[in-house]
Amino acid sequence: MNTIFLSMIMEAIPFVLLGVLISGLIQSFITERWIARIMPKNRFLSSLFGCSVGILFPSCECGIVPITRRLLGKGVPLNAGIAFMLTGPIVNPIVLFSTYIAFGNDWRVVAIRAGMAFAVALVVSMTVAYFFPVLPLRGSEHLTAATSEQPIVVSGKRTPLIPRLGSVLLHAVDEFFSVGKYLVLGAFIAAAMQTFIPTSSLLHIGSNPVMASLVMMALAFTMSLCSEADAFIASSFRSTFSMGALSAFLVFGPMIDIKNTLMLLGSFRSKFVIALIALVSICTLAGSLIVGRLVG
């Protein structure tokens with residue numbers, strides 16, 4: 001167990017460090033107001049845009065909910081904001097490259113993860129926008145006033161470069177220690193499962209595609225791994241589960257886990273959060289079964 005645990009940590013830490021540094025740069029140098037200004041007006045196009053703009057935000061799911069709340073408060077449509085929130089922790093280059101390394105330089109896994117995440121987010125974002133025409137934020141009537149009290153640009157002057165670089169490092173340090181503990185815990189759980197749970201038991205579960213995907217989704221939820229490192233955990237199950245079940249783990253975890261569920265409940269109304277989790281679960285399960293059929 002110790003050997004498996006340390007190997008997971010050693011492989012994942014460099015990607016987490018790189019991810020939090022780039023996240024700090026994005027946090028300090030790209031404003032949500034700029035994204036809101038270039039948002040397409042058409043609902044379908046805005047959802048596509050929301051799914052794609054995550055490439056510019058290499059942040060894990062730990063920080064995506066507050067950013068999404070700010071975007072919605074600045075006028076970004078609900079469907080685009082949710083599409084960004086679901087895909088942001090998956091389609092950014094750091095996560096995709098770490099997936100590539102974790103699965104032995106296999107671009108096929110990268111394409112499956114990105115494509116399935118894109119499809120799930122597109123369907124979920126369009127659906128929630130249809131059923132929730134009113135913005136489901138908690139205290140949304142006060143959100144605009146609250147965000148306007150803390151403008152990004154003060155008195156028409158930009159913050160000097162050196163303080164902004166300092167804020168990049170502070171943001172990166174805070175995010176690293178915030179997500180690092182979940183990485184360690186997830187690696188320990190995965191190592192313990194592989195050491196103490198008989199492989200025959202997992203193989204028996206994995207023989208049923210639906211059950212295998214549900215088990216991997218449950219693992220992704222409870223482990224609450226950083227998306228910049230979860231591929232290393234998923235790759236350790238390659239000998240036990242099919243690609244369909246692994247894709248469910250790789251897509252569901254960054255979208256819905258224990259950490260961001262609590263943050264979602266703090267930012268959105270409970271009815272919306274329940275509907276969102278149900279939709280993501282159904283779409284991820286359906287996507288994993290399709291992947292299992294196509295890839296085997």
Side-chain angles (χ1 to χ4, degrees), residues 26 30-61 63-96 110-138 140 143-144 147 217 227 247-248 250-257 260-261 263-264 267-269 271-291:
I26 296 299
I30 295 182
T31 66
E32 295 92 340
R33 189 175 293 111
W34 173 77
I35 295 178
R37 190 166 58 245
I38 63 174
M39 183 68 60
K41 303 301 181 183
N42 179 272
R43 177 177 292 183
F44 180 73
L45 292 178
S46 64
S47 285
L48 287 176
F49 181 83
C51 289
S52 304
V53 79
I55 297 173
L56 302 175
F57 283 82
S59 175
C60 71
E61 67 279 6
I64 203 74
V65 175
I67 295 175
T68 303
R69 180 179 172 86
R70 289 197 297 269
L71 287 171
L72 295 175
K74 293 177 185 295
V76 172
L78 178 63
N79 57 298
I82 296 303
F84 162 70
M85 184 180 73
L86 296 178
T87 56
I90 300 176
V91 301
N92 72 74
I94 304 303
V95 171
L96 296 182
V110 176
I112 289 172
R113 185 177 196 183
M116 183 171 157
F118 198 97
V120 169
L122 187 62
V123 172
V124 171
S125 63
M126 295 292 290
T127 304
V128 296
Y130 177 80
F131 286 104
F132 293 89
V134 179
L135 200 62
L137 287 171
R138 291 188 182 276
S140 57
L143 183 61
T144 303
T147 53
M217 288 165 62
S227 59
S247 68
L250 292 170
V251 171
F252 188 78
M255 292 185 177
I256 302 293
D257 63 15
N260 67 6
T261 296
M263 290 187 286
L264 283 170
S267 298
F268 296 91
R269 301 186 189 280
K271 183 178 179 181
F272 173 80
V273 175
I274 294 172
L276 180 67
I277 293 175
L279 284 169
V280 171
S281 301
I282 293 170
C283 292
T284 302
L285 178 60
S288 68
L289 295 177
I290 292 172
V291 169

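Atoms considered below: every heavy atom in the structure, side chains included; atoms not considered: hydrogens, waters and symmetry mates.
To the nearest 0.5 angstrom, Ile290 atom CD1 is 12.5 Å from Ile112 atom CD1. Note that CG of Leu137 is 5.0 Å distant from CZ of Phe268, once rounded to the nearest 0.5 Å. Here OG1 of Thr284 is found 5.0 Å from CE of Met116. Values are rounded to the nearest 0.5 Å. Here the CG atom belonging to Leu86 is positioned 12.0 Å from the CZ atom belonging to Phe118, to the nearest 0.5 angstrom. To the nearest 0.5 Å, atom OG of residue Ser47 and atom CZ of residue Phe44 are 8.0 Å apart. Rounding to the nearest 0.5 Å gives a distance of 10.0 Å between CZ of Phe84 and CZ of Phe49.
The two residues Pro254 and Asn260 come nearest to each other via the heavy atoms O-ND2, 3.7 Å. Nearest heavy-atom pair across Arg113 and Val251 is O-CG2, 3.9 Å. Nearest approach of Leu285 to Ser288, heavy atoms of both residues: O-OG, 2.7 Å. Minimum interatomic distance between Ala114 and Leu96 (heavy atoms only, all atoms of both residues): CB-CD2, 4.1 Å. Closest approach of Phe132 and Leu78 over heavy atoms only: O-CD2, 3.5 Å.
Within the 4.5 Å cutoff, no side-chain heavy atoms of Ile256 are placed close to those of Ser281. For the pair Asn92/Ile55, no side-chain contact is recorded, criterion being any heavy-atom separation below 4.5 Å from C-beta on. Between Thr68 and Leu72 the shortest side-chain heavy-atom distance falls below 4.5 Å. Taking 4.5 Å as the limit, every side-chain heavy atom of Lys271 sits out of range of all side-chain heavy atoms of Pro136. Two residues are said to be in side-chain contact when any heavy atoms from C-beta on lie closer than 4.5 Å; Leu276 and Met85 meet this criterion.
Under a 3.5 Å cut-off, the side chain of Ser227 and the backbone N or O of Pro89 do form a donor-acceptor pair. For the pair Thr87 (side chain) and Cys51 (backbone), a donor-acceptor distance under 3.5 Å is present. Distance alone, capped at 3.5 Å, places no donor-acceptor pair between the Asn79 side chain and the Met126 backbone. Judged by distance alone, the side chain of Ser125 and the main-chain N or O of Leu122 form a donor-acceptor pair under 3.5 Å. The main-chain N or O of Leu264 is never found under 3.5 Å from a side-chain atom of Ser267 such that the two would form a donor-acceptor pair.
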